[in-house]
Amino acid sequence: MSTNSDQKPQNRPVPLRLLMACLLFLGISAIGGGGQFLLNPTGDIIGMPVDVLAGSPFTDFLLPGMILFTALGLFPLAVLYGLYTERRWAWPAAIMVGIALIVWIVVQGLIVGFGHWLQWLYLSLGFVLILLALLPSVRQTV
C-alpha cells in the first residue's frame, strides 16, 4: 500500500490520472474488439476477412480474440483497479501492459501488415503507457 493512501483520487498526480485513463481506454476497446472475435471468429462482425491470417498460425480469430479480450482488455482494467486502490503490484503491471500492447501490435503488423491508422495509435499508446508509468510522480504515488 502506498504511503499516500489518504489521497483522494482528484488529488493524484496528473500523469497517474492520464495513465489510468489510458488503461481504461485500452481495456474497454480491447474487450470490445476481442469480444467481437469471440462472438464470431470469422471476423464478419467488423468486416475483417479470415484471409488476412494467411501465413499465420491461426485459421480464424478465436485465439487472437481470446488474447485480445483477456491480455489487453481484462488485464488493463485489473491494473487500473490496482492503481486506483494503490496496490504495489499495479505499477510494474502497468509497464507490462504497455509492453504487451507493443508486442501485440508489432506481431499483428508482421502478420497482417501495418496498413491501418489504429495500429499506429495503439502502438503509440503502448509507449505512452510505459512512459507514464516510469514517471517519478507516478512511481512515488503507487
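Every value quoted in this text rests on a predicted model; they were computed, and no experiment measured them.
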Can you name the residues that form a ring pair (Phe, Tyr, Trp, His ring centres under 6.0 Å) with F114, not counting sequence neighbours? W120
So, using ring pair (Phe, Tyr, Trp, His ring centres under 6.0 Å) as the criterion, who are the partners of F25 when residues are at least two apart? Y122
So, does R139 use its side chain to make a donor-acceptor pair with the main chain of W91 at under 3.5 Å? no
Please check if the side chain of Q119 supplies one atom and the backbone of G113 the other of a donor-acceptor pair under 3.5 Å. yes
Hey, quick one: are L101 and L121 part of the same hydrophobic cluster, counting side-chain heavy atoms closer than 4.5 Å, chains of contacts allowed? yes
Identify whether V97 and L131 are in the same connected component of the hydrophobic contact network (ILVMFWY, side-chain heavy atoms under 4.5 Å). no
What's the spacing between [X] [atom1] and [Y] [atom2] if we round to 0.5 Å?
{"X": "M48", "Y": "H116", "atom1": "CE", "atom2": "NE2", "result": "7.5 Å"}
{"X": "L23", "Y": "L125", "atom1": "CG", "atom2": "CG", "result": "8.0 Å"}
{"X": "Q108", "Y": "I111", "atom1": "CD", "atom2": "CD1", "result": "8.0 Å"}
{"X": "I105", "Y": "L110", "atom1": "CD1", "atom2": "CG", "result": "11.0 Å"}
{"X": "F37", "Y": "L63", "atom1": "CZ", "atom2": "CG", "result": "12.0 Å"}
{"X": "W104", "Y": "L68", "atom1": "CH2", "atom2": "CG", "result": "5.0 Å"}

Run T70 and F75 through side-chain contact (heavy atoms from CB on, under 4.5 Å) and show every step you take. CA-CA 6 Å; T70 57; F75 182 53; over 6 Å; no
Among T141, L134, L135, which one satisfies side-chain contact (heavy atoms from CB on, under 4.5 Å) with P15? L135
When L129 is tested against each of L26, I99, I95 for side-chain contact (heavy atoms from CB on, under 4.5 Å), which residue passes? L26
Determine the minimum heavy-atom distance between R12 and Y84, stating which atoms define it. NH2-O, 2.7 Å
Return the set of residues passing side chain to side chain contact (heavy atoms under 4.5 Å, CB included) with I28 (not counting sequence neighbours), or none when no residue passes. L24
Might you work through the side-chain contact (heavy atoms from CB on, under 4.5 Å) test for L74 and I31, ending with a clear yes or no? CA-CA 7 Å; L74 296 178; I31 284 175; 3.7 Å; yes
